[in-house]
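The chain is numbered in sequence order, starting from 1. Heavy-atom basis, side chains included; hydrogens, waters and symmetry copies ignored.
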Amino acid sequence: MGFIGSGSIGRALARLAVGARHQVVLSNSRGPETLVDTAGELGPRASAATSEEAAAAGDIVVVTVPVSAFPYVPAAPLAGKTVIDTCNYGAERDGHIPELDSKSLTSSELLLRYVPDALLVKAFNNIFFKHLLSLARPAGAADRSYLPIAGDSAPAKAAVTEFLDSIGYSVVDAGTLADSWRQATGTPVWGTPYGPYSNEKGQPVGEDAIRAALATATR
């Protein structure tokens, strides 16, 4: 697993991945030396590298950066790879992006313009990082939670589904990248089903509740 960006969601995912016996290579915009402590805390399955090195190393690569940083995501090493996009657009942080403000594109479709040969799957953008850590459950658990994913490549979706299963989650297929607005910031499936931020443990959410939340999203 390669990580381009190592913020709250990136670190939470890396922790779950290491727990599931995946190797992880972390990167950020400030350089690998700033991630030595984080990699050390995660143990021998984790290392720090440049963004280009993390992109090249991962069988699956997680892009978890501000939308304003999309132009700096290394495209060449992501060609042909399954790439998980966890990113949410916020004009107050990212600046106004006309295609996103007008809703003519989803943020994942915008990312695809910068990494056109990647096999992009939207995932993990609808859950608080503390809930992501606390709600993971083994396969077959009665209180296992579901997360939506969206993408245009069936093999990439299958790879991401397998990864999610390994770290303790089941999947609801939310459609194509063009459909991924249904899990964006402020939609019914964003945050709310898993409980308020004040409840750091969160609450498990089943398949039917995620499907219903996706179905009620409006633009």
Side-chain angles (χ1 to χ4, degrees), residues 1-17 28 58 60-70 73 78 82-94 97 99-101 103 105-115 118-136 145-153 156-157 159-161 163-164 167-197 202 205 207 209-211 213-219:
M1 300 292 302
F3 285 81
I4 298 174
S6 297
S8 297
I9 283 286
R11 290 195 302 271
L13 272 177
R15 187 172 299 281
L16 290 173
N28 63 17
I60 296 176
V61 180
V62 179
V63 174
T64 179
V65 299
V67 170
S68 57
F70 283 178
V73 174
L78 296 179
T82 295
V83 174
I84 298 174
D85 165 24
T86 78
C87 310
N88 284 314
Y89 171 57
E92 68 286 347
R93 178 195 63 193
D94 298 310
I97 298 172
E99 297 96 329
L100 301 186
D101 288 341
K103 301 178 181 175
L105 284 181
T106 64
S107 59
S108 288
E109 290 174 306
L110 180 66
L111 176 57
L112 196 60
R113 289 187 172 182
Y114 293 101
V115 290
L119 305 175
L120 209 60
V121 178
K122 191 76 164 191
F124 302 112
N125 68 308
N126 73 309
I127 187 169
F128 182 41
F129 76 96
K130 291 183 179 179
H131 294 166
L132 180 61
L133 284 169
S134 63
L135 291 174
S145 289
Y146 281 71
L147 290 168
I149 68 170
D152 298 338
S153 165
K157 280 182 171 178
V160 172
T161 297
F163 172 65
L164 264 75
I167 64 168
Y169 287 89
S170 295
V171 161
V172 169
D173 188 332
T176 66
L177 292 181
D179 297 319
S180 63
W181 63 269
R182 292 184 178 276
Q183 64 197 74
T185 306
T187 61
V189 83
W190 180 77
T192 303
Y194 307 97
Y197 288 1
V205 183
E207 179 179 6
I210 295 300
R211 291 193 184 280
L214 290 166
T216 58
T218 57
R219 261 183 146 165

Peer 1: Might you point out which heavy atoms bring Ala17 and Met1 nearest each other, and give the distance in Å?
Peer 2: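 Minimum heavy-atom separation between Ala17 and Met1: CB-CG, 4.5 Å.
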Peer 1: Nearest 0.5 Å please: distance from the CH2 atom of Trp181 over to the OG1 atom of Thr218.
Peer 2: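 Spacing of CH2 (Trp181) from OG1 (Thr218) equals 6.5 Å.
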Peer 1: Quick one: does Lys122's side chain have a donor or acceptor within less than 3.5 Å of a partner on Cys87's backbone?
Peer 2: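 Pair found, side chain donor or acceptor close to backbone of Cys87.
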Peer 1: Mind checking whether Tyr89 and Leu100 have side chains closer than 4.5 Å, heavy atoms only?
Peer 2: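 Heavy-atom side-chain distance check passes, below 4.5 Å.
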Peer 1: As an exercise, state the distance from CD1 of Ile4 to CD1 of Ile84, rounded to the nearest 0.5 Å.
Peer 2: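 If I round to the nearest 0.5 Å, the distance is 12.0 Å.
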Peer 1: Would you check if the side chain of Asp85 reaches a backbone N or O of Leu120 as a donor-acceptor pair within less than 3.5 Å?
Peer 2: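 Not a single qualifying donor-acceptor pair exists.
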Peer 1: What's the spacing between Thr106 OG1 and Leu112 CG if we round to 0.5 Å?
Peer 2: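 Atom-to-atom, Thr106:OG1 and Leu112:CG are 9.0 Å apart.
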Peer 1: Which atom pair, heavy atoms only, marks the closest approach of Gln183 to Ala174?
Peer 2: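 Minimum heavy-atom contact is OE1-CB, 3.6 Å.
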Peer 1: Tell me whether the rings of Tyr197 and Phe128 are parallel (<30°), tilted (30 to 60°) or perpendicular (>60°).
Peer 2: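 Tyr197 vs Phe128 ring planes: parallel.
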Peer 1: Are any non-hydrogen side-chain atoms of Leu13 and Thr64 less than 4.5 angstrom apart?
Peer 2: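 Of all side-chain heavy-atom pairs linking Thr64 with Leu13, none is under 4.5 Å.
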Peer 1: Determine whether Leu111 and Val63 make a side-chain contact, defined as any pair of heavy atoms from C-beta on separated by less than 4.5 Å.
Peer 2: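 A side-chain contact exists here, since the closest heavy-atom pair is under 4.5 Å.
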Peer 1: Any donor and acceptor pair, going by atom type alone, linking the side chain of Asn125 with main-chain N or O of Asn88 inside 3.5 Å?
Peer 2: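 Side chain of Asn125 to backbone of Asn88: no pair is present.
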Peer 1: Identify the two heavy atoms, one from Gly175 and one from Lys157, that lie closest to each other, and give their separation to 0.1 Å.
Peer 2: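 Taking every non-hydrogen atom into account, O-NZ, 2.8 Å.
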Peer 1: Taking Ser134 for its side chain and Lys130 for its backbone only, find out whether a donor-acceptor pair lies under 3.5 Å.
Peer 2: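 Judged by distance alone, yes, a pair lies under 3.5 Å.
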Peer 1: Does any N or O in the side chain of Tyr194 come within less than 3.5 Å of the main-chain N or O of Ser145, such that one atom is a donor and the other an acceptor?
Peer 2: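 It does not hold such a pair.
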Peer 1: Compare every heavy atom of Leu133 with every heavy atom of Ala12, then report the nearest pair and how far apart it is.
Peer 2: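 Nearest heavy atoms, Ala12 then Leu133: O-CD2, 3.6 Å.
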Peer 1: Minimum heavy-atom separation for Ala217 and Arg182, please, with both atom names.
Peer 2: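 Heavy atoms of Ala217 and Arg182 come nearest at O-NH1, 3.5 Å.
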Peer 1: Are any non-hydrogen side-chain atoms of Ile210 and Leu147 less than 4.5 angstrom apart?
Peer 2: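 Answer no - side chains too far apart.
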Peer 1: Is Tyr146 reaching over with its side chain to a backbone N or O of Val205, donor-acceptor style, under 3.5 angstrom?
Peer 2: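 It does not hold such a pair.
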Peer 1: About how many Å separate CG of Leu214 and CG of Asp179, when rounded to the nearest 0.5 Å?
Peer 2: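 Here the interatomic distance stands at 9.5 Å.
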Peer 1: Output yes when a side-chain donor or acceptor of Asp152 lies under 3.5 Å from a complementary backbone atom of Thr176, and no otherwise.
Peer 2: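 The answer is no, because no donor-acceptor pair under 3.5 Å joins these two groups.
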Peer 1: Val115 vs Val83, test: side chain to side chain contact (heavy atoms under 4.5 Å, CB included). Steps then yes/no.
Peer 2: CA-CA 10 Å; Val115 290; Val83 174; 5.7 Å; no
Peer 1: Looking at CD1 of Ile167 and CZ of Phe124, how far apart are the two atoms once the value is rounded to the nearest 0.5 Å?
Peer 2: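 Those atoms lie 4.0 Å apart.
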Peer 1: Please report the interatomic distance OG1(Thr86) to CZ(Phe3), rounded to the nearest 0.5 Å.
Peer 2: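 The OG1 atom of Thr86 sits 9.5 Å away from the CZ atom of Phe3.
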Peer 1: Closer than 3.5 angstrom, by distance alone: can the side chain of Tyr169 be matched with the main-chain N or O of Leu132 as a donor-acceptor pair?
Peer 2: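 Answer holds: yes.
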Peer 1: Which heavy atom of Ser108 sits nearest to which heavy atom of Leu177, and what is that distance?
Peer 2: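 Looking at all heavy atoms of both residues, the shortest contact is CB-CD2, 3.8 Å.
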Peer 1: Look at the side chain of Asn126 and the backbone N and O of Val189, then say whether any donor-acceptor pair between them is shorter than 3.5 Å.
Peer 2: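 Checking the backbone N and O of Val189 against the side chain of Asn126, a donor-acceptor pair under 3.5 Å is found.
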